[in-house]
Each structure stands twice: as structure tokens, then as C-alpha cells.
Amino acid sequence: MKDKTRVKGNIHYVGVNDRQKHLFENLWPLPNGVSYNSYLIDDEKVALVDTVDVCYFEVFLRKIRNIIGDRPIDYLIINHMEPDHSGSIRLIKYYYPDITIVGNRQTFGMVEGFYGVTGNRYVVNDGDTLELGEYKLSFYLTPMVHWPETMMTYCEEEEVLFSGDAFGCFGALGGGFIDAAINTDMYWEEMVRYYSNIVGKYGNPVQKALAKLSGVPVSAICSAHGPVWTGDNIERVISIYAKLSCYDGDEGVVVVYGSMYGNTEQMAEAIAAELSAQGVKNVIVHNVSKSHSSYILADIFKYRGLIVGCTTYNAQLYPEMEALLSKISGRDMKNRCFGYFGSFCWAGAAVKKIAEFAEKSKFELVGQPVEMKQAMKEETYSQCEALAGAMAEKLKTYNL
Ligand code: FEO
């Protein structure tokens, strides 16, 4: 039984799968579910790394008891306090009242604030250690990856890194949990979507964490979501996080439009067709009213070019576009080549509002914005093609 849960040595997987929730954080779609990963270290002293969403506590407790029976858990290590991981703290404390909670100075206010849990605590600073017997754990504080209290835990003897949200992805686990034993195809796209939706604002903290961990030998990354990463995949997941966290996009353009009756949509079509004619292979077009922003954001993180446009609505931006631009702003996106377009019936506002967004952004403005009254004319086609042409030319300068 224990072999089924073993990650390495005395480290076991005791996480759970959630295939019921529709929206992670009540925001982001979960078509493939999500896993809440927790790990149990069965040493002379027993340590639990993070917990799971409280809805799954009973199955979580059963998994723990299958490994340690009636032995107590000595330490609960809290790498991250977001309730998808901390949700079972109160019940763990109820079942194991003598447990010592391990966290940093930022952790314990949240433990008390969310769960009213006090009692034995072991407060760690960066580089502090905890002896379990055969294993010694070290702690790396990684604030803002993804909350201020975030930290990582490292087991030197097994070279296992418990990384919290970092290197995680959406997608429940189909039976196995180690990458080498499962088909991991779907998790790569889900990693980009997870990063861009959840961690995307915190590029600098992620970069700092990567720098802090560079040189640390790692044979397994035990993230809080998705598979345990081993072998060549370790370098692959680290390079994905390194690339996304410095907002480094591949060659390609995301075109996002908001249109009520199809006229503004034709502006987007003309732009996309010209981009393709100019040799841009990755042209991703999203109807902002149909594609969930979760997927649009993932594509914006993937590609260097971004062109957005919408109709005017009640003398404002089209609402779905306004919501998307707010989500882009909230992620401190950088290093994007940006173009825009818009339309109106009797009084223009969309282009003016997108210009305000562009002014505040850290994007490089490309081409002349296009504004259309009511419907496409020959002049509008030419203007859209000129905007697309300017974007295609700009992208070429990154590939020289
Ligand atoms: Fe998976 Fe930031 O929680």
C-alpha cells in the first residue's frame, strides 16, 4: 500500500483530486479538475507538508492514516496559506492537538485569522532547518509566490523540493502522481494557464525565488498542484516558470475583439488575415465574449504581440473588453508589442479608452490605432492591414 503513495524514501503523496469545482478561486475554469497536493514525511518525527481543501478532509485523513496508522503527526509545515492548501488546518489540529505548526512570521497571523488556531508553533527564517530523524528539512522564504507568507521546504537527503504553488498546474491527477508514471501531455498547457491566471502578477518574486534556488540539487519537485516532476521535466518546468516570469513571449500575436453585431469582428479578421499574409504563423484570435479570460490571458503570456479592439458601449468600453484589460493590468504585463482598434455608432469612446489603457501599460505601442464608424469601408481594411503590417515588422526585429 505504501509503495502506491511513495514519492521517494519516506516521503508520501497524500493529496486529493477535485473534479467537482467549476471555477478555481471562483474565477478560473477547471475543465480538467485540479489536485490539492499534500505530502507526508514518515520519519522518526512525522511531518505533513500543507493540507488540502477542507471538502476533502475525510479522504485526506484516511490517506494519512494508511501510512502512519495511529502514530501522531509531529509537525504541520505550512508552505502556503491560501485555503486550497490550508483549508484542513483546523481539522488537522483537532485530530492531532499536540501538532506543532511550522511557518514563518507571516504565516501565523493567517493561521489564527482564517482558522482561530493557536498553540505549538515553530517559526522559521530563511535557511532555518528542522531535524526529523533521518531527514533534515530546510526552509526557503519565497514571499509573493503567491502570497506574502509563501515559502518552500527542501529535503536535502532526498533532494526533494516542496514548492507550494510554484511549478504547479491545473488538472486533476488520473491515478498516479509522478510524471514518469502518467501521461503528462495536458499538464503543460495547464501550467501556462495556471501561471498566467494565478501567479502572473508576481514575476519578480518568482525570479527572486528561482535565483535563490539555483544551485540547489533537486531530484523531485513536489508542487501543491499537479504531478510530481522528476528527471528531465525538472529543467522543463523551471524553464517554463523562468520564461513566463520575465514576460518573455514567443513570436506570435493574440488578437482579441469585442463585437455586438460582427462589424468590429471584421476589423479583427482583417488584422488577423494580414498578420498571416505577412508570415506570422501564430495568430490567435479570441472573441472576448466567448473565450474565457483564463484562456485569453494564457495566450497573452505566451506571445509577444497583442492587438485588442472593441466597439463602444454606453459611451464606454465594451464591458467584456473592459474586464479583460483590467485583468491584464492586474498582472503587470510587460514586454508586449501592442496595437489597438475600435468602433462606434454615433460617438466614439472605445479607442480613446484603450489609448488610456495603453498609456498606463508597460507595452510598446505598434502601428496606428484604427477607429471605425459603424461598418467596414475600403479605408478601414487598409488601416487594419497597415496596423497588422506594422506588428509583423516589429516582431521580425526580435528574431534578427
Ligand atoms: Fe494553490 Fe495560492 O494557492
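None of these values were measured; they are calculated from a predicted model. Counting convention: from 1, in listed order, for ligands and their atoms alike.
Shown here are the salt bridge (Lys or Arg N to Asp or Glu O under 4.0 Å) partners of Glu189, two or more places apart in sequence or in another chain: Lys302.
The only member of Ile307, Leu275, Ile271 that meets side chain to side chain contact (heavy atoms under 4.5 Å, CB included) when paired with Val283 is Leu275.
Listed by first and then second residue, the ring-ring contact (aromatic ring centres under 6.0 Å, His included) pairs that reach into residues 263-300 come to none, sequence neighbours excluded. Note on residues 92-131: pairs passing ring-ring contact (aromatic ring centres under 6.0 Å, His included), not counting sequence neighbours, are Phe57-Tyr95.
Atom NZ of Lys136 has 12 or fewer heavy atoms from other residues, nucleotides or ligands within 6.0 Å.
Around atom 2 (Fe) of ligand 1, the protein N, O or S atoms found under 2.8 Å comprise His80 NE2, Glu82 OE1, His146 ND1, Asp165 OD2.
With respect to Arg65 and Asp70, no salt bridge is recorded, no charged nitrogen being found less than 4.0 Å from a carboxylate O.
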